[in-house]
Amino acid sequence: MPPTSPPAVAEPSIPGRAKLLAIVVFLSLLAAMIGLVELVFPGNDWRHVKFWGIPVAVLYWPLARHVMRRVYGERRMAADKRLDAAREVRYRRWFFRYFMPPMALVFAILGGIDAGPAWQAWHGQGRPGWAVTEERTCNRTCSWTGTFRSDDGAVDRAGVWIWDPPAQVRAGDRIRAVDTGDRTAVFEASGGGAREQWWFATLLVGGAAAYLAWWLGWITGFWRILFREGDDLC
């Protein structure tokens, strides 16, 4: 039998907080160096001052690494690495156990509120009327806000989003739209934007509900019991 080599042992790394401290010290030294240059040579062009960071970095980082490896010996580095891993697991558990469930519940409620009006507009329900475009806002896509007045005069809203207006619309144009009681918007009368909004709201509710179901199974131990019983049956 050929001889087997011993398993490789991963080299422990320098703790994250030590690296953060080294970065803070480096930035402080760089700021002090720039301040000294400005004090000695007032009015120096910043395009030249910024190049002082290169020699500072070349001299500082090898020295900082040497000092950290001397301070954090192999055993302490390994212990700190285990501590950082345990802390990461604890933070991740806290995040998914206590932070995400309320957020998922909020998303499910908001999605449920938006799904109903979007469904009605998609199927031609609601109060028809005229929307007047006023302000255009663009980020990744562009959207319009404006006013809406129903044909019977019963609904008169200002500052509402106009879902899916025609592509060539300009400020002051009048668009046929329907109001279905959505909290922030009216929908273009053809229902195309309402269909997209309904699908988005439905997926939001479904995703939030799936997460809450998984969360309940996790905190009650249901999944652990279920899979353990499944292993026993195999």
Side-chain angles (χ1 to χ4, degrees), residues 88-227:
E88 182 180 355
V89 170
R90 186 168 63 252
Y91 289 160
R92 190 184 303 117
R93 181 181 297 269
W94 180 91
F95 178 80
F96 286 108
R97 187 162 190 166
Y98 299 108
F99 178 78
M100 283 298 295
M103 296 299 297
L105 183 61
V106 170
F107 289 150
I109 293 174
L110 292 178
I113 292 175
D114 291 340
W119 176 269
Q120 295 178 22
W122 181 11
H123 291 81
Q125 303 174 16
R127 291 182 180 273
W130 290 96
V132 180
T133 56
E134 292 182 345
E135 183 177 357
R136 185 186 186 191
T137 304
C138 291
N139 190 357
R140 293 183 179 179
T141 59
C142 294
S143 57
W144 284 91
T145 57
T147 61
F148 173 82
R149 183 176 179 82
S150 62
D151 293 336
D152 58 8
V155 178
D156 195 353
R157 301 177 63 181
V160 294
W161 294 97
I162 304 172
W163 271 97
D164 197 30
Q168 304 300 323
V169 70
R170 294 175 298 178
D173 287 352
R174 301 175 75 235
I175 303 169
R176 288 299 293 174
V178 293
D179 176 43
T180 55
D182 187 272
R183 53 196 175 91
T184 59
V186 294
F187 298 92
E188 196 267 335
S190 66
R195 181 178 63 252
E196 297 174 0
Q197 171 72 349
W198 183 83
W199 276 111
F200 175 78
T202 302
L203 292 175
L204 189 64
V205 173
Y211 178 83
L212 290 174
W214 172 84
W215 174 74
L216 286 174
W218 177 35
I219 65 172
T220 59
F222 175 77
W223 303 124
R224 185 168 58 252
I225 296 173
L226 178 64
F227 287 112

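Throughout, numbering of the chain's residues begins at 1 and tracks the sequence. On a predicted model such as this, the values are computed, not experimentally measured, just so you know. What's counted below: heavy atoms across the whole structure, side chains too, no hydrogens, waters or symmetry copies.
Every residue two or more places apart in sequence or in another chain that forms a salt bridge (charged side-chain N to carboxylate O under 4.0 Å, His left out) with R92 is listed here: E88.
Taking 4.5 Å as the limit, some side-chain heavy atom of F96 sits within range of a side-chain heavy atom of W218. Side-chain contact between V186 and R127 is absent, with no heavy-atom pair separated by less than 4.5 Å. Two residues are said to be in side-chain contact when any heavy atoms from C-beta on lie closer than 4.5 Å; W163 and S143 fail this criterion. Proximity of W130 to T147: side-chain heavy atoms (C-beta onward) are nowhere separated by under 4.5 Å. Between W122 and F187, the closest side-chain pair of non-hydrogen atoms is not below 4.5 Å. Between D179 and S150 the shortest side-chain heavy-atom distance does not fall below 4.5 Å.
Heavy atoms of other residues, nucleotides or ligands lying less than 6.0 angstrom from OH of Y211 number more than 12. The local environment of CZ in R97 is crowded, with over 12 non-hydrogen atoms from other residues, nucleotides or ligands closer than 6.0 Å. Atom CZ of R176 sits in a crowded spot, with more than 12 heavy atoms from other residues, nucleotides or ligands closer than 6.0 Å.
In terms of heavy-atom proximity, V160 sits nearest to F148 at CG2-CB, 4.3 Å. The heavy-atom pair separating V155 from D152 by the smallest distance is N-OD1, 4.4 Å. Considering every non-hydrogen atom in both A208 and A104, the closest pair reads CB-O, 3.2 Å. Contact record, W144 with A171: CH2-N, 3.4 Å, taken as the closest heavy-atom pair. Counting all heavy atoms, side chain and backbone alike, P165 lies closest to V169 at CB-CG1, 4.2 Å. In this structure, G146 and I162 approach most closely via the heavy-atom pair N-CD1, 4.2 Å.
Here side-chain hydrogen bond (donor to acceptor under 3.5 Å, both in side chains) pairs that include residues 189-202, with residues two or more places apart or in two chains, are E188-S190.
One N or O on the side chain of T133 and one on the backbone of G172 form a donor-acceptor pair closer than 3.5 Å.
The structure places CZ of R157 at 7.5 Å from OG1 of T184, a figure rounded to the nearest 0.5 Å. In this structure, CH2 on W119 lies 13.0 Å from OG1 on T180, to the nearest 0.5 angstrom. Of the inter-residue distances, the one linking W214 atom CH2 with I219 atom CD1 reads 10.5 Å to the nearest 0.5 angstrom.
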Quick one: do D114 and R183 satisfy side-chain contact (heavy atoms from CB on, under 4.5 Å)? Show the steps, please. CA-CA 8 Å; D114 291 340; R183 53 196 175 91; 2.9 Å; yes
